[in-house]
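Numbering of ligands and ligand atoms starts at 1, following listing order. Only heavy atoms go into these numbers, but all of them, side chains included; no hydrogens, no water, no symmetry mates.
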Amino acid sequence: MSYETLLYDVNGDGVATITFNRPDKYNAFTDQMILETTHAFKSASRDSEVRAIILTGSGKSFCAGQDLGDVEERENMTFLEHVRTRYNPMLTQIRTIEKPVIGVINGVAAGAGASVALATDLRVMSTKASFVLAAFANIGLVPDNGLTYTLPRLVGMSKALELIWLADRHNRVTAEQALELNMATAVAEPEALMDTAMELSTKLAKMPTRALGMTKRMLNMSWDSSLGEMLDMEAQLQQAASETEDAREGILAFLEKREPEFKGR
Ligand code: T3D
């Protein structure tokens with residue numbers, strides 16, 4: 001797959017790596033980068049060879065949010081239209097793709113870049129990386145790309161407000177704080193970052209992909225559902241999972257006292 005603002009690669013273990021690639025602009029989002037990211041996630045979703053996805057940035061930054069130079073040139077589009085037609089489909093694609101998405105936070109993640117990082121399923125963060133959640137308030141805007149949904153669920157309401165109001169470029173959320181606050185799954189030195197993330201992603205790619213995907217769907221639903229609704233959904237998806245090749249292999253492997261070989265089917 002070839003893009004102008006992204007790198008896209010799938011390795012032999014079924015791990016796709018999507019890399020924001022505008023390093024001179026700290027990987028800030030242009031419309032083209034938003035559309036290409038949406039496309040890359042759709043391709044990864046359709047490709048049965050892909051069983052886990054890494055999202056990262058090239059150079060010093062993960063992503064600095066909206067490219068502020070681009071905003072001036074958007075004469076014919078309101079912010080409402082822009083967020084609805086550009087950002088929201090990308091964010092929905094990342095949150096609903098039924099494969100594990102691992103954010104590899106290599107450097108600063110600001111504004112919409114922080115929102116997208118926090119929309120990934122698990123995050124491995126460089127000791128040199130940080131979140132700038134007050135990037136929106138710094139320029140008089142409000143958080144978008146699902147930050148008002150994900151952040152309070154990760155850190156609690158009051159902490160979310162504190163971070164969105166006060167964690168600015170001089171007062172960033174460090175990797176150590178992110179780990180404590182449940183915003184990062186693991187932290188690694190920059191030299192070990194990709195190896196740590198690839199080890200985690202390869203482990204996930206070897207697991208029963210369809211069961212992992214259905215689990216993600218249920219956990220997404222659980223935030224807005226009753227216990228009764230979730231019990232019913234669990235019953236239905238347990239039936240669907242039981243009909244996969246991987247479930248048959250998993251049960252057989254247990255009975256034969258060997259490691260299962262899941263194929264993602
Ligand atoms: O519909 C809509 O569009 C609404 C959607 C809004 C979503 C949003 O994301 S709003 C928030 C937008 N993002 C920001 O406001 C962040 C602005 N950037 C910063 O605060 C800082 O640059 C960082 C905290 C990210 C990094 O600080 P620092 O000191 O490490 O680096 P720097 O020197 O400020 O930036 C390095 C370069 O990247 C610099 O370019 P230069 O001078 O070397 O040529 C800087 O201009 C560029 N850059 C960083 N962020 C952006 C950017 N260029 C364009 N847009 C950016 N967002």
Side-chain angles (χ1 to χ4, degrees), residues 4-7 18-39 41 55-95 103-120 123 125-152 154 160-178 181 183-184 190 193:
E4 281 187 32
T5 63
L6 304 178
L7 302 173
I18 299 171
T19 309
F20 296 134
N21 195 30
R22 302 184 71 233
D24 51 327
K25 294 286 180 190
Y26 268 33
N27 300 317
F29 279 118
T30 55
D31 276 11
Q32 186 176 13
M33 194 166 109
I34 301 169
L35 293 171
E36 289 190 346
T37 304
T38 310
H39 186 276
F41 271 93
L55 180 64
T56 191
S58 62
K60 285 188 187 166
S61 166
F62 174 76
C63 172
Q66 172 63 39
D67 187 316
L68 297 175
D70 243 36
V71 174
E72 292 296 304
E73 290 161 25
R74 281 189 343 224
E75 284 166 3
N76 297 320
M77 196 179 267
T78 62
F79 277 70
L80 172 72
E81 284 171 320
H82 190 252
V83 174
R84 274 193 180 154
T85 64
R86 299 291 193 269
Y87 279 120
N88 289 357
M90 173 182 73
L91 208 279
T92 305
Q93 189 66 44
I94 295 172
R95 277 293 340 132
V104 179
I105 319 304
N106 55 301
V108 64
S115 307
V116 167
L118 294 173
T120 60
R123 284 160 296 284
M125 199 165 166
S126 160
T127 49
K128 294 270 185 322
S130 58
F131 289 106
V132 179
L133 298 164
F136 301 98
N138 287 347
I139 56 170
L141 294 182
V142 298
D144 58 14
N145 277 277
L147 193 72
T148 58
Y149 192 74
T150 53
L151 192 64
L154 286 168
L161 279 172
E162 182 190 322
L163 296 179
I164 291 169
W165 284 341
L166 302 176
D168 61 22
R169 58 190 300 175
H170 307 294
N171 173 28
R172 304 178 185 193
V173 181
T174 63
E176 197 184 328
Q177 289 166 333
L181 285 168
M183 293 163 68
L193 182 68

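- When only non-hydrogen protein atoms are considered, atom 54 (C) of ligand 1 lies nearest to D67 OD1, 3.5 Å.
- Here the heavy atom of the protein found nearest to atom 13 (N) of ligand 1 is A64 O, 2.9 Å.
- If you look at D144 next to ligand 1, the close heavy atoms, those under 4.0 Å, all belong to the side chain.
- Interface of G111 with ligand 1, defined as ligand atoms under 4.0 Å from a residue heavy atom, comprises 9 (O).
- The protein atom (non-hydrogen) at minimum distance from atom 37 (C) of ligand 1 is Y26 CD1, 4.0 Å.
- Within 6.0 Å of the CZ atom in R74, the count of heavy atoms belonging to other residues, nucleotides or ligands exceeds 12.
- Residue G113 has no N or O atom closer than 3.5 Å to an N or O atom of ligand 1.
- In this comparison of A135, A28, A110, the heavy atom closest to atom 25 (C) of ligand 1 sits on A110.
- Which parts of ligand 1 touch R74 is read off a 4.0 Å heavy-atom cut-off, strictly below it: atoms 1 (O), 2 (C), 3 (O).
- Here's the thing with Q66: one of its N/O atoms is less than 3.5 angstrom from an N/O atom of ligand 1.
- Residues E36 and T5 have side chains that bring a donor and an acceptor to within less than 3.5 angstrom of each other.
- A donor atom on one side chain and an acceptor atom on the other are found under 3.5 Å apart for S58 and N21.
- The distance from ligand 1 to the heavy atoms of F79 drops below 4.0 Å at these ligand atoms: 1 (O), 2 (C), 4 (C).
- Less than 4.0 angstrom separates some heavy atom of V83 from each of these atoms of ligand 1: 1 (O).
- Contact check for H39 versus L35: no side-chain heavy atoms found under the 4.5 Å cut-off.
- Distance from atom 55 (N) of ligand 1 to its nearest protein heavy atom, with residue and atom name: L68 N, 3.0 Å.
- Nearest non-hydrogen protein atom to atom 19 (C) of ligand 1 is R169 NH1, 4.4 Å.
- Not a single heavy atom of F29 sits less than 4.0 Å from an atom of ligand 1.
- For atom 11 (C) of ligand 1, the nearest protein heavy atom (residue, atom name, distance) is I139 CD1, 3.9 Å.
- Protein heavy atom in closest approach to atom 52 (C) of ligand 1: K25 O, 4.0 Å.
- Considering only non-hydrogen protein atoms, atom 43 (O) of ligand 1 sits nearest to D24 O, 5.0 Å.
- For the pair H82 and ligand 1, the shortest N or O to N or O distance falls below 3.5 Å.
- Under 4.0 Å from ligand 1, not a single heavy atom of R86 appears.
- In summary, the atoms of ligand 1 found under 4.0 Å from a heavy atom of G65, numbered by their order in the structure, are 9 (O).
- Put simply, the side chain of N106 gets close to the backbone of S61: a donor and an acceptor are under 3.5 Å apart.
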